There are 2 protein chains.
Amino acid sequence: MTKPTRFLDPTVTVDVVIFTVEDGALKALIIKRAREPFQGSPALPGGFIRRGETSVTAAERILADKAGVKDVYLEQLYTFDEPHRDPRGPVFSVTYFALAPRDEIRIAETAETQKPRFSPVSALPKLAFDHNNIIGYAVERLRSKLEYTNAAYSLLPKSFTLTELQKIYEAIVNRDLDKRNFRKKFKELGLIEPTGSKSKGGRRRPAELYRFKSRKPRMLKKFF
Amino acid sequence: MTKPTRFLDPTVTVDVVIFTVEDGALKALIIKRAREPFQGSPALPGGFIRRGETSVTAAERILADKAGVKDVYLEQLYTFDEPHRDPRGPVFSVTYFALAPRDEIRIAETAETQKPRFSPVSALPKLAFDHNNIIGYAVERLRSKLEYTNAAYSLLPKSFTLTELQKIYEAIVNRDLDKRNFRKKFKELGLIEPTGSKSKGGRRRPAELYRFKSRKPRMLKKFF
DNA sequence: CCAAAAGTGTTGACTGTACACCCATGT
DNA sequence: ACATGGGTGTACAGTCAACACTTTTGG
């Protein structure tokens with residue numbers, strides 16, 4: 001394609017915020033950069049888009065490579081293009097966020113030893129580029145998404161207790177919720193059903209296990 | 001910046017959906033393409049990003065050039081990059097939507113005679129590229145935005161009657177609203193105040209004119 | 001029997017929604 | 001005087017938020 005050079009020819013990258021919930025906290029996957037710029041700094045997983053890829057397929061590749069997951073919830077977040085966000089020059093980052101249950105993620109120690117790990121979003125280190133902003137933006141989006149969709153199913157294992165479910169909501173909206181109201185609301189919504197079995201192994205009363213009836217994204221009238 | 005050629009080097013454009021309300025209908029600005037591809041087809045205003053611009057400043061330039069407006073509400077919408085959306089090759093379009101009162105817009109008949117005009121979003125022609133999709137996406141976003149922000153002020157002239165305000169909401173959410181409930185709700189919200197003067201010139205009872213107290217974006221608890 | 005989490009309903013406040021008539025003006 | 005849109009309040013239903021005790025298990 002021919003194009004006069006008075007036009008900007010930005011580089012385009014993809015960065016992915018991979019969310020999960022672990023130990024009752026909302027966490028995002030962070031790697032250590034293997035190359036300049038910001039070599040050794042913590043950062044979001046990401047990279048250039050390759051020939052033959054779109055931004056979505058690039059995000060899917062990153063998800064598979066860094067977190068070993070496929071077919072998880074993935075949504076485009078925003079395109080960041082502040083002029084000096086990358087010291088190398090104008091770089092557009094098309095960002096995505098993904099939601100996956102912790103037990104489906106196999107973190108890969110890559111050949112480039114990027115040391116991926118989950119970091120609680122409430123206590124992130126200073127990240128390379130504008131990646132702290134990106135995660136902040138993603139958390140906001142996730143928060144509001146939980147209020148009017150059933151997106152939470154994407155963060156949970158196949159079966160879970162109501163308390164676990166509530167913990168996830170509390171971790172994301174960042175405040176305590178009333179146990180009775182939460183359970184009433186969720187049961188009324190008809191999104192979940194008891195599996196029939198019970199949690200075991202604790203030194204306490206076993207809890208009923210539930211599963212989502214459907215694992216399709218859905219809009220809700222309202223939530224909490 | 002050096003970069004191996006196994007990476008995609010997409011072209012990046014900006015397209016802008018400029019919304020307004022006219023004759024009680026939600027409309028978007030459509031131009032006729034002056035050049036190939038799709039020469040002569042209706043399309044969204046847009047173009048390549050120039051050197052020294054970001055996507056926002058490019059969007060602002062397009063707004064100024066095509067609609068003669070500055071300082072209107074402008075928000076990034078989505079980045080479209082379906083592989084075959086442009087016959088010339090991989091082209092990423094970072095899209096924005098803008099809201100402006102009809103009476104602040106001066107449509108410019110440009111040297112390139114792109115014949116800009118407002119077309120009701122409920123009856124759009126077939127547009128170039130994936131521009132029908134883009135507008136559809138923008139309408140959805142606007143609809144939901146109206147429900148939890150005061151964004152409507154961006155579409156209204158400085159003073160307006162409550163009926164005009166209601167018409168705009170009805171045009172966007174695409175259903176009739178109850179007059180008494182609408183007025184009650186809006187007055188309770190405290191966003192608007194009477195100007196003291198009244199509409200004139202009609203062959204009917206003059207209506208109280210209102211203005212928005214503040215023209216800053218604001219979140220609302222809930223709306224209607 | 002004790003510790004720890006599971007489980008369960010009611011009430012009052014608030015919010016949303018449905019609904020019909022009189023008023024002020026211009027012609 | 002009439003046609004046109006302007007303007008106003010009430011009542012019912014549904015939803016949200018606050019709140020405390022009993023149950024089951026393992027140790």
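The sequence lines fix the lettering, A, B, ..., with proteins before strands; numbering per chain opens at 1. Fair warning: this is a prediction, and the values are worked out from it, not measured in the lab.
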K.L.:
Give the rounded distance in Å between these two atoms: CZ of B/R180 and P of C/dA18.
P.N.:
12 Å
K.L.:
To the nearest Å, give me how far apart CD (B/E188) and P (C/dC14) are.
P.N.:
13 Å
K.L.:
Pairing donors with acceptors under 3.5 angstrom, does anything connect the side chains of B/Y73 and B/E75?
P.N.:
yes
K.L.:
Would you say the side chain of A/T20 lies within less than 4.5 Å of the side chain of A/E104, judging by non-hydrogen atoms?
P.N.:
no
K.L.:
Using a 4.0 Å heavy-atom cut-off across all strands, classify B/K200 as base, sugar-phosphate, or nothing.
P.N.:
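No contact at all - B/K200 keeps every heavy atom at 4.0 Å or more from the nucleic acid.
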K.L.:
Could you go through residues 92-101 of chain B and list every donor-acceptor pair under 3.5 Å that involves a side-chain atom there, pairing it with any protein atom two or more places apart or in another chain?
P.N.:
from  : atom 1 : to    : atom 2 : distance (Å)
B/S93 : OG     : B/D15 : OD2    : 2.6
B/T95 : OG1    : B/Y78 : N      : 3.3
B/T95 : OG1    : B/Y78 : O      : 2.7
B/Y96 : OH     : B/S55 : OG     : 2.6

K.L.:
Which whole-number value in Å describes the distance from B/K187 NZ to D/dG7 P?
P.N.:
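After rounding, the reported distance stands at 7 Å.
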K.L.:
What is the separation between atom CZ on A/F186 and atom C1' on D/dC16, rounded to the nearest whole Å?
P.N.:
17 Å
K.L.:
Take the protein atom CG of B/L162 and the nucleotide atom P of C/dC23, then report the distance between them rounded to whole Å.
P.N.:
20 Å
K.L.:
Tell me which nucleotide among D/dC19, D/dG7, C/dA6 gets nearest to the side chain of A/A207.
P.N.:
C/dA6
K.L.:
Round to a whole Å and report the spacing from CD1 of B/I192 to P of D/dG7.
P.N.:
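Spelled out: CD1 on B/I192 to P on D/dG7 is 11 Å.
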K.L.:
Cut-off 3.5 Å, side chains only: do A/T79 and B/T79 have a donor facing an acceptor?
P.N.:
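There is such a pair (donor and acceptor under 3.5 Å, judged by atom type) between the side chains of A/T79 and B/T79.
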K.L.:
Any donor-acceptor pair, under 3.5 Å, between the side chain of B/K184 and the base of C/dT17, if you only look at N and O atoms?
P.N.:
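Per atom types, the contact qualifies.
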K.L.:
What pair of heavy atoms forms the shortest contact from A/P125 to A/P42, and how long is it?
P.N.:
CG-CG, 3.9 Å
K.L.:
Whole angstrom is fine here: how far is it from CG in B/L189 over to P in C/dG16?
P.N.:
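My rounded result for the distance is 9 Å.
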K.L.:
From CZ of A/F182 over to P of D/dC19, roughly how many Å is that when rounded to an integer?
P.N.:
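Atom-to-atom, A/F182 to D/dC19, this comes out as 20 Å.
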K.L.:
Report yes if some heavy atom in the side chain of A/L142 is under 4.5 Å from a heavy atom in the side chain of A/L26; otherwise report no.
P.N.:
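Contact flag for A/L142/A/L26 side chains = yes.
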K.L.:
Can you find a heavy atom in the side chain of B/L162 that is under 4.5 Å from one in the side chain of B/I192?
P.N.:
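Yes; the side chains approach each other to less than 4.5 Å.
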K.L.:
Quick check on DNA chain D: between B/D178 and B/T163, whose nearest nucleotide comes earlier from the 5' end?
P.N.:
B/T163
K.L.:
What does nucleotides 21-27 of chain D look like as a protein-contact string, B for base, S for sugar-phosphate only, - for none, at under 4.0 angstrom between heavy atoms?
P.N.:
--BBBSS
